[in-house]
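Step one of this worksheet: look at the structure below.
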4 protein chains.
Amino acid sequence: MARLIDEGKIQRIKLATIQLVVQNGYGGASISSIAKRAGVAEGYLYRFYSSKQELVTELLYSQVARIVGKLESLLNTCTSTREVMTQLIGELFRMGTETPEEIRFIYVLMHDYNFQVSDLQRQHIKGLIDKVISIGIANGELNSRISAEEAYGMVIIYPIEFINLRMKGFFGIKEWTTEEQNRVAEFSINALK
Amino acid sequence: MARLIDEGKIQRIKLATIQLVVQNGYGGASISSIAKRAGVAEGYLYRFYSSKQELVTELLYSQVARIVGKLESLLNTCTSTREVMTQLIGELFRMGTETPEEIRFIYVLMHDYNFQVSDLQRQHIKGLIDKVISIGIANGELNSRISAEEAYGMVIIYPIEFINLRMKGFFGIKEWTTEEQNRVAEFSINALK
Amino acid sequence: MARLIDEGKIQRIKLATIQLVVQNGYGGASISSIAKRAGVAEGYLYRFYSSKQELVTELLYSQVARIVGKLESLLNTCTSTREVMTQLIGELFRMGTETPEEIRFIYVLMHDYNFQVSDLQRQHIKGLIDKVISIGIANGELNSRISAEEAYGMVIIYPIEFINLRMKGFFGIKEWTTEEQNRVAEFSINALK
Amino acid sequence: MARLIDEGKIQRIKLATIQLVVQNGYGGASISSIAKRAGVAEGYLYRFYSSKQELVTELLYSQVARIVGKLESLLNTCTSTREVMTQLIGELFRMGTETPEEIRFIYVLMHDYNFQVSDLQRQHIKGLIDKVISIGIANGELNSRISAEEAYGMVIIYPIEFINLRMKGFFGIKEWTTEEQNRVAEFSINALK
DNA sequence: AATGAATGAGTATTCATTCAT
DNA sequence: GATGAATGAATACTCATTCAT
């Protein structure tokens, strides 16, 4: 009977990759350092990913999917844009607190032209953002002429940028309060009014 | 009596570097590819820059300085935050139209941990943002509790992100109208109200 | 389960390095030429040595250690300076016959400012030379005012220089007889009388 | 009327080359650093020397010639080997005191296989050494079976090695007294008795 | 199945040399 | 004559990938 694939190893590979990409950038995260940190052989990675690029792409995909999934579930339960955005931004800040490496990972790669989000994922995001907008318009919360791009920038990009600015300590401080978190949501909503 | 330094070559090196960093990221822009595209010998770069890192850092510095300089001059002539932001965002869009690679260059490197803006430049930016805020508060345009980080995110980061989202065609469209440009300014101002 | 490290390859790297340093000096012995001669990939060297400098240093260390070790063991068994020196010089000539590249390797690097013998090794040599001297004085073979430096020059340096002069054919001849070998010992002993 | 060649520049090139080769080795003495230190343009060197190799070779030649010339003149004035050797070693130590870089220069290059003394110079040296020997034998100072090589090693090589050992501080001390200098001569003479 | 030995194309950088001025 | 701008082959070193075990 064939041994089962050791999920622990795969998890360790994923974790090590995220940590090392965040710490040293894509170029600085070598397969050998990833394998060493994950406690697996270098060659082992290639059983699951055909290249370093694929490994990182897949991880980026699943990290983005996590946020997208959250937005999707919020759209099923919330009745106002304000609620959606407050919750979503809350989730982003929670990620920043609990698994800072994961949000940093997205942050580091989202401007790298080698790592575009897949077309499918983009379509999906577009659909969800459209939903956010139509709820907002229906509720009179949003300016009826808001575009998906504008909303996406405010609802997703701005919060991620803000959190990372803070985590980097660009203006000196590295922590945040619940109040500040709520202000970010407030800004986004105000912006799109 | 020796040849004069060919300024054209230096310009071509700068241009090639910006283009290739934009296309392939810092890691993907090799000295050999830069030299080839600039039509100079590989070693020639090192007459002006002591390393690849210095070359890119210097280019980033001057691109950032361009935007910072614009903000600075606006603060000397404008009397309201609205005016400052409208003009600044206008400038960013102008860059996006006229020299799209340059704004992309900033966009690509601003998330790269190898390329932090220098402390001096950061201090400078902080000072200017503080000025924007105090004008806004004095004029009753801005919420009096706005932090520098929040303002920076809205005034600088959001517009850059928006322009790049559009230039990438993330939501399908790659051009923009003056009207859309003004809306971005409007969002920023609304956000910080 | 992975391949075993091929010790032959390491041996070939060592041999190739010694040969090429002897032929072309440290600067002229490029990693690429070493790898080619050893029949291994360029990168392979770096699995065992972190730099070219380390590779050569380590080889020099072990070659010097061989001679130093011989001297040390002679000091444990011989009862006169004459015996020590005759035997040591015999050993140096044996090296010159059997593994001429190795003694040439020492010869080439001992004047290279990049390759000082380690402090530890120097201390060790100093101690041994002191012992040679004290045996010689006790036996009435050596002038009691001989310094370590003077002895070192005669006991180690002069023979190495002589052998290499001969191997180079500086004065036309490249071979030597046992008689000549004994004369070298005789000179050294006479010098220090 | 053609300008005369500026001898000062050539002298400065020679000096700079010797200093930089001694300090950094042949490889570390770049044409650009030599030119800079000499205060001439890089290209200027190539008017007199067709390559870096030739420049250094020529300097080595003339440094060796200086010592050989001294030996030659001593052979015309001295009547005993003892006198020749005492004076010659005196000269070597004088070089070590007055122009240490020059004797170091010889020391550094004399083991470098890229810089063999020319055949002509070797022949010349051979002739002189033969003369030293025949004077010594005639005077009853030297063992009649001494070879040129043996004498060369003792008369030239050993003193150069000794001085450099001392200048390097291999055994801790870097200075020398006249007495020590005379002992070196004594050793050489004793050795060849 | 899993390892890690081995590869070699690729990297940034240096520097002796050439030659337009 | 003299300069120093410009070259490009060569250097030490890295690392994603392959594959024998």
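Throughout, a chain's letter reflects where its sequence line sits, starting with A, and its residues are numbered from 1.
What you find for A/Ile34 and A/Ile13 is that their closest heavy atoms are CG2-O, 4.1 Å. Shortest non-hydrogen contact noted between C/Tyr26 and C/Asp112 is CB-OD2, 3.9 Å. Of all the heavy atoms in C/Ala65 and C/Gln121, the pair that sits closest is N-NE2, 3.6 Å.
Between A/Phe48 and A/Tyr44, the ring-plane angle classifies as perpendicular under the 30° and 60° cut-offs. A perpendicular orientation is assigned to the rings of D/Tyr113 and C/Tyr107, their planes being inclined by more than 60° (bins at 30° and 60°).
Using a 4.0 Å heavy-atom cutoff across all strands shown, C/Leu4 reaches sugar-phosphate atoms only and no base atom.
Annotation: the span from D/Lys36 atom NZ to D/Leu20 atom CG amounts to 11.0 Å, rounded to 0.5 Å. Rounded to the nearest 0.5 Å, atoms CG (A/Asn114) and CG (A/Leu109) are 9.5 Å apart.
The nearest whole Å value for the distance from the CD1 atom in D/Ile13 to the C1' atom in F/dA2 is 11 Å. In this structure, B/Ile10 atom CD1 and F/dT7 atom C1' are separated by 16 Å, rounded to whole Å. When the P atom of E/dG4 is taken as reference, atom CD1 of A/Ile34 falls 17 Å away, rounded to whole Å. Atom CG in A/Leu45 sits roughly 15 Å away from atom P in F/dC15 (whole-Å rounding). The distance between atom CG of A/Leu20 and atom P of F/dA16, rounded to the nearest whole Å, is 11 Å. If you take CD1 of C/Ile5 and P of F/dC19, they are 20 Å apart, rounded to a whole angstrom. Going from atom CZ of C/Arg47 over to atom P of F/dC15 covers 14 Å, rounded to whole Å. Atom CG of C/Asp6 is separated from atom C1' of F/dC19 by 15 Å (rounded to the nearest Å).
Stem analysis of DNA chain E (Watson-Crick or G-U pairs, both distances under 3.5 Å, runs of at least three) returns E:2-21 with F:2-21.
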Let me have a per-nucleotide readout for nucleotides 8-14 of chain E, 5' to 3', with B, S or -, counting only protein heavy atoms under 4.0 Å. B--SSBB
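Between B/Lys9 and F/dT7 there is a side-chain N or O to OP1 or OP2 distance below 4.0 Å.
You'll find the side chain of C/Glu101 stays beyond 4.5 Å of the side chain of C/Val21, heavy atoms only.
Taking the charged nitrogens against the carboxylate oxygens, A/Lys14 and A/Glu58 have no contact shorter than 4.0 Å, which rules out a salt bridge.
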